[in-house]
Trainee: 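Here's a structure for you.
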Amino acid sequence: MTTPTGRPFAQVDVFVSGPLSGNPVAVVLDGAGLDDDTMAAFARWTNLSETTFVLPPTDSAADYRLRIFTPGGELPFAGHPTLGSAHAWLGSGGMPAGDTIVQECGIGLVTIRRDGDRLAFAAPPLRRSGPVDDAVLAEIRDALGLTPSDVVASNWVDNGPGWIGLMLTSAQRVLDVRPDLAALGDREVGLIGAHRDGPDGVDYEVRAFAPGDGVPEDPVTGSLNAGFAVWLRSTGEVPAQYIAAQGTALGRAGRVHVDDDGTHIWVGGASTTTISGTVDL
């Protein structure tokens, strides 16, 4: 065994609306020299929905490279780890080469902008979109205790994680879902529904289930919210700017801000560092 090295570390709460209200991500700010097995083992040990490792970029256009792990494996992209890692990188003295931060990850380059006290990433294009097979959709409905009339629309919204998105009749119907996670299996499924009079200006309620990745329900999910925004902006179902709440069913109060400026769809929120120090890896 090699002797562990003390590496700078931060745990960041992302998409917060107050203390301990968002989704935490563990960020190892110097992942150089770590092998895949060590990264995966540390992600299992943190038992958070995602753990990230910041590395030198291989693309000259990027400020850094990011690897993202769930307890169940590696992802090519994820939203709250992107924002949390950028927040930690800036807090550790990172300086972007240009006006925006450019992250290199498994899906390529992701642009991150500063939006007041928030960071926001440009939603990547969907790797898979289009209708969900009727048989698959029926299995998902059964696993979530939904009837066909509960589902307004459905679509693949895969931008790295293989999300299937369902738009339900209301935010309350989203909150009422009690999933059978065993029946859901390894499918990654997200729900969205509109509020009539949402709290604090919230327009939509979102939930995310990914039991196959070791994440029964994710508190606040940037990649899913980005996938929903790309899909539902293309159909005109959602406005150019809106706020989504997520984590309500888990006692959290995550807030995701979506802004379609006509060129990019930006998905952002506030982050705060809750733990900082070193980790021996």
Side-chain angles (χ1 to χ4, degrees), residues 1-15 22-59 62-89 92 94 103-110 121 124 127-128 158-163 181-182 184-190 208-224 226-227 250 271 273-281:
M1 294 179 62
T2 59
T3 302
T5 300
R7 299 170 186 270
F9 171 82
Q11 191 159 307
V12 181
D13 202 14
V14 186
F15 295 124
N23 196 358
V25 59
V27 184
V28 178
L29 285 153
D30 177 12
L34 293 175
D35 59 30
D36 293 2
D37 289 344
T38 301
M39 292 183 183
F42 186 59
R44 290 193 297 272
W45 182 83
T46 68
N47 202 34
L48 296 176
S49 55
E50 280 98 3
T51 298
T52 68
F53 301 85
V54 179
L55 299 158
T58 60
D59 189 318
D63 293 301
Y64 58 84
R65 181 163 62 99
L66 196 69
R67 295 187 66 182
I68 305 166
F69 287 79
T70 72
E74 187 170 7
L75 295 176
F77 169 74
H80 101 273
T82 290
L83 297 183
S85 299
H87 173 88
W89 180 76
S92 69
Q103 171 185 291
E104 178 186 354
C105 58
I107 61 165
L109 300 181
V110 176
F121 64 85
R127 303 199 307 178
R128 182 177 182 181
D158 178 358
N159 52 16
W163 292 114
L181 296 174
L184 203 58
D186 60 0
R187 293 193 175 96
E188 297 166 317
V189 177
F209 306 104
D213 291 327
V215 186
E217 181 168 358
D218 200 28
V220 203
T221 319
S223 60
L224 175 61
L250 298 173
S271 297
T273 300
T274 54
I275 301 171
S276 61
T278 59
V279 59
D280 289 339
L281 288 175

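Everything numeric in this text was worked out from a predicted model, so none of it was measured.
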Trainee: Tell me, with the steps shown, if T5 and L281 meet side-chain contact (heavy atoms from CB on, under 4.5 Å).
Mentor: CA-CA 5 Å; T5 300; L281 288 175; over 6 Å; no
Trainee: Any heavy-atom pair between the side chains of V27 and V54 that's under 4.5 Å?
Mentor: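 Contact flag for V54/V27 side chains = yes.
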Trainee: Mind checking whether P211 and E217 have side chains closer than 4.5 Å, heavy atoms only?
Mentor: no
Trainee: Run the numbers on V14 and V220 for side-chain contact (heavy atoms from CB on, under 4.5 Å), then give the verdict.
Mentor: CA-CA 8 Å; V14 186; V220 203; over 6 Å; no
Trainee: Can you classify the ring geometry of W89 versus Y64 as parallel (below 30°), tilted (30 to 60°) or perpendicular (above 60°)?
Mentor: tilted
Trainee: What's the spacing between I68 CD1 and C105 SG if we round to 0.5 Å?
Mentor: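 Here the interatomic distance stands at 5.5 Å.
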Trainee: Listed by chain and number, what are the side-chain contact (heavy atoms from CB on, under 4.5 Å) partners of A226, not counting sequence neighbours?
Mentor: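 side-chain contact (heavy atoms from CB on, under 4.5 Å) check on A226 returns F121, A123, N159, V267.
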Trainee: What I'd like to find out is whether the side chain of P24 reaches to under 4.5 Å of the side chain of V12, using heavy atoms alone.
Mentor: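 No; the side chains remain at least 4.5 Å from each other.
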Trainee: Could you give the distance from CZ (F42) to CG (L48), rounded to the nearest 0.5 Å?
Mentor: 8.5 Å
Trainee: Just by modelled atom types, is the A43 backbone N or O under 3.5 Å from a matching donor or acceptor in the T46 side chain?
Mentor: yes
Trainee: Of the non-hydrogen atoms in L75 and E50, which two are nearest, and what is the gap between them?
Mentor: CD1-OE2, 3.6 Å
Trainee: Taking side-chain contact (heavy atoms from CB on, under 4.5 Å) as the test, write out the residues that go with L55, two or more places apart.
Mentor: M39, R65, R67
Trainee: Using the rule given for side chain to side chain donor-acceptor pair (under 3.5 Å), can you reason through Q103 versus S85, listing the C-alpha separation, both sets of side-chain angles and the distance that settles it, and then say yes or no?
Mentor: CA-CA 10 Å; Q103 171 185 291; S85 299; 5.6 Å; no
Trainee: Applying salt bridge (charged side-chain N to carboxylate O under 4.0 Å, His left out), name anything that partners E104, two or more places apart in sequence or on another chain.
Mentor: none
Trainee: Decide yes or no for V28 and F53: does some side-chain heavy atom of the first lie under 4.5 Å from some side-chain heavy atom of the second?
Mentor: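 Side-chain contact under 4.5 Å: yes.
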Trainee: Using the rule given for side-chain contact (heavy atoms from CB on, under 4.5 Å), can you reason through L224 versus W163, listing the C-alpha separation, both sets of side-chain angles and the distance that settles it, and then say yes or no?
Mentor: CA-CA 7 Å; L224 175 61; W163 292 114; 3.8 Å; yes
Trainee: With rounding to the nearest 0.5 Å, note down the distance linking OG in S271 to CZ in F15.
Mentor: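 Answer rounded to 0.5 Å: 7.5 Å.
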Trainee: Would you say the side-chain atoms of D186 pair up with the backbone N or O of G212, donor to acceptor, closer than 3.5 Å?
Mentor: no
Trainee: Testing the basics here: between G214 and P71, what is the closest heavy-atom pair and its distance to 0.1 Å?
Mentor: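 That would be O-CG, 4.2 Å.
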Trainee: Calculate, to the nearest 0.5 Å, the distance between atoms OG and CZ belonging to S223 and F77 respectively.
Mentor: 6.5 Å
Trainee: Return the minimal non-hydrogen interatomic distance between V25 and G84, and the atom names on each side.
Mentor: CG1-CA, 3.9 Å
Trainee: Looking only at non-hydrogen atoms, find the nearest pair between G160 and I107 and report the distance.
Mentor: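 Taking G160 first and I107 second, the nearest heavy atoms are CA-CG2, 4.5 Å.
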Trainee: Could you give the distance from CG (L29) to OG1 (T52), rounded to the nearest 0.5 Å?
Mentor: 7.5 Å
Trainee: Does a side-chain heavy-atom distance below 4.5 Å link D59 with L109?
Mentor: yes
Trainee: Would a distance-only check, ignoring hydrogens and angles, find a side-chain to backbone donor-acceptor pair under 3.5 Å from R7 to D30?
Mentor: yes
Trainee: Please enumerate all residues that pass side chain to side chain donor-acceptor pair (under 3.5 Å) together with D35, with sequence neighbours excluded.
Mentor: T38
Trainee: Got a sec, which residues hit side chain to side chain donor-acceptor pair (under 3.5 Å) with T273, two or more places apart in sequence or on another chain?
Mentor: H87
Trainee: Can you name the nearest heavy-atom pair linking P219 to L250, along with the distance?
Mentor: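 Nearest heavy atoms, P219 then L250: CA-CD1, 3.8 Å.
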Trainee: CG of D213 to CZ of R187: how many Å apart, nearest 0.5 Å?
Mentor: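 Reported to 0.5 Å precision, the distance equals 14.0 Å.
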Trainee: R44 side chain to G73 main-chain N or O, any donor-acceptor pair under 3.5 Å?
Mentor: no
Trainee: Nearest heavy-atom pair of T221 and A208: which atoms, and what distance?
Mentor: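 That would be OG1-CB, 3.3 Å.
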Trainee: Sequence neighbours left out, what passes side-chain contact (heavy atoms from CB on, under 4.5 Å) with T274? Give chain and number order.
Mentor: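 For T274, the residues satisfying side-chain contact (heavy atoms from CB on, under 4.5 Å) (neighbours in sequence not counted) are Q11, D13, L20, T272.
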Trainee: Using modelled atom types only, decide if a donor and an acceptor are shared between the side chain of E188 and the backbone of G162 within a distance under 3.5 Å.
Mentor: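 The answer is yes, because a donor-acceptor pair under 3.5 Å joins these two groups.
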